[in-house]
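Working notes, structure below.
Keep in mind the model is a prediction, meaning the values are calculated, not measured. Heads up: numbering here begins at 1 and tracks the sequence.
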Amino acid sequence: MAASDPQPKFGQSVKSLLSDKVNCCSTDVIALTKQVLKGSHSSELLGQAARNMVMQEDSILHSEDSLRKMSIITTHLQYQQEAIQKNVIRLPQYIQKRTTYVRDFRV
């Protein structure tokens with residue numbers, strides 16, 4: 001029986017080691033699966049980020065175009081304001097000349 005004692009202990013230790021390795025491999029497979037799932041989710045997130053970036057870029061380009069147009073309109077309004085101011089300054093002179101012309105014509 002002494003000869004048969006080491007055999008079951010050896011068999012049990014091999015089974016125990018094998019069981020530990022199987023558990024370790026199972027854990028590794030689960031971790032790998034989780035990582036692959038994260039990777040596929042990361043890919044989706046990157047795709048969404050790229051789409052959002054394109055939309056933002058389009059909005060920025062549209063805003064730049066609007067600002068350029070507003071700048072042109074502002075310049076035109078400034079020219080018109082200057083012209084109006086010049087005419088306002090000249091208006092009293094025009095009224096005086098007109099009044100003088102009307103008096104001279106009636107006399």
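Expressed to the nearest 0.5 Å, how far CD of Gln96 lies from OG1 of Thr99 amounts to 7.5 Å. For the atom pair CG of Leu32 and SG of Cys25, the computed distance is 11.5 Å after rounding to the nearest 0.5 Å. To the nearest 0.5 Å, atom CG of residue Asp28 and atom OG1 of residue Thr33 are 10.5 Å apart. The structure places CD1 of Ile73 at 10.5 Å from CD of Gln80, a figure rounded to the nearest 0.5 Å. Here the OH atom belonging to Tyr79 is positioned 15.0 Å from the CD1 atom belonging to Ile84, to the nearest 0.5 angstrom. Arg90 contributes atom CZ, which lies 14.5 Å from atom CD1 of Ile95 (distance to the nearest 0.5 angstrom).
Other cluster members for Met70: Leu67, joined by side-chain heavy-atom distances under 4.5 Å among Ile, Leu, Val, Met, Phe, Trp and Tyr.
The two residues Val88 and Pro92 come nearest to each other via the heavy atoms O-CD, 3.2 Å.
Evaluation of the salt bridge (charged side-chain N to carboxylate O under 4.0 Å, His left out) test over residues 51-67, restricted to residues two or more places apart or in two chains, returns Asp65-Arg68, Asp65-Lys69.
For the side-chain hydrogen bond (donor to acceptor under 3.5 Å, both in side chains) test, residues two or more places apart in sequence or in another chain that qualify with Asn52 are Gln48.
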